[in-house]
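Presented below is the structure to which this report refers.
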Amino acid sequence: MGGSETEGAQADGSGDTDDSEDELFNLLRFTTTCLALGIPKEKVAGDFRHSLEDFRQRGVLPLEELAQLRASTDGDAKEHPAQWAAGFAAGHLAAWAAAILRVLDTRGVSFGQDKHLFRALNLCGDVDLLTRFLDRALTATHVADLVAGELSLLEPDGS
């Protein structure tokens, strides 16, 4: 999938819904072709999941849709796909929040006794915001560096 015109259009923000649908269709076509060629389903499933996450990171596929696709293609989720998708999305957000706190802790950036950051990160439902915070956590020297422009995240009421 690398290097296509569709990916370039998405990267510069000029892509539209048709391009996104084309990318998803191409992934489906590629996946079914691999299965038809006898490539082990575990390998194909891993590549499929990796591509879906790439689409999410590039803004082609929202987290909720990624979770629904994963639920509909995961054998363990067939019985209760809506609950599985909700759990997957919640786990995804929790993992990003935990990664941010882990990076800050590993780098020795203290957020003190004030647990507002911990609470706010764990309640944040915006995966794009959490992604920006993880990127900032790599270079932040103070919590203020992490939340620059997002100070409402630290308000005690969690708003």
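Throughout, numbering of the chain's residues begins at 1 and tracks the sequence.
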Under 3.5 Å, which donor-acceptor pairs link side chains of residues 128-137 to any protein atom two or more places apart or in another chain?
unit_1	atom_1	unit_2	atom_2	d
Thr131	OG1	Val127	O	2.8
Arg132	NH2	Glu150	OE2	3.4
Arg136	NH1	Leu146	O	2.9
Arg136	NH1	Ala148	O	3.1

Rounded to the nearest 0.5 Å, how far does CZ of Phe30 lie from CG of Leu35?
-> 10.0 Å

Output for pair (Phe48 CZ, Leu69 CG), nearest 0.5 Å, gives 5.5 Å

Has the side chain of Arg107 got a donor or acceptor atom that lies under 3.5 Å from a matching backbone atom of Thr141?
-> no

After noting the C-alpha distance and the side-chain angles of Asp145 and Thr139, does the key distance pass the side-chain contact (heavy atoms from CB on, under 4.5 Å) rule?
-> CA-CA 8 Å; Asp145 298 335; Thr139 58; over 6 Å; no

Where do Glu64 and Arg56 land on the side-chain contact (heavy atoms from CB on, under 4.5 Å) test, with the steps shown first?
-> CA-CA 10 Å; Glu64 294 77 17; Arg56 190 212 52 82; over 6 Å; no

Given side-chain contact (heavy atoms from CB on, under 4.5 Å), test Val60 with Asp54 step by step and report yes or no.
-> CA-CA 9 Å; Val60 173; Asp54 177 60; over 6 Å; no

Going only through I, L, V, M, F, W and Y residues with side-chain contacts under 4.5 Å, is there a path from Val147 to Phe118?
-> yes

N-O pairing of Glu23 and Arg58 below 4.0 Å | yes

What's the shortest heavy-atom distance between Leu93 and Cys124, and which atoms?
-> CD1-O, 4.0 Å

How long is the span from the NZ atom in Lys41 to the SG atom in Cys34, to the nearest 0.5 Å?
-> 15.5 Å

Grab the two heavy atoms, one from Ala85 and one from Ala67, that are nearest each other, plus how far apart they are.
-> O-CB, 3.4 Å

Which distance, rounded to the nearest 0.5 Å, do you find between the CZ of Arg49 and the OG1 of Thr31?
-> 11.0 Å

How are the rings of Phe88 and Trp84 set relative to one another: parallel (under 30°), tilted (30 to 60°) or perpendicular (over 60°)?
-> parallel

Kindly say whether Arg119 contributes a backbone atom to a donor-acceptor pair with the side chain of Asn122 at under 3.5 angstrom?
-> no

If you look only at distance, which donor and acceptor atoms sit under 3.5 Å apart when one is on a side chain in residues 97-105 and the other is two or more places apart or in another chain?
none

Ile39 pairs by side chain to side chain contact (heavy atoms under 4.5 Å, CB included) with which of Thr33, Asp47, Val44?
-> Val44

Find out if a path of hydrophobic residues (ILVMFWY) with successive side-chain heavy-atom gaps under 4.5 Å connects Phe25 to Phe55.
-> no

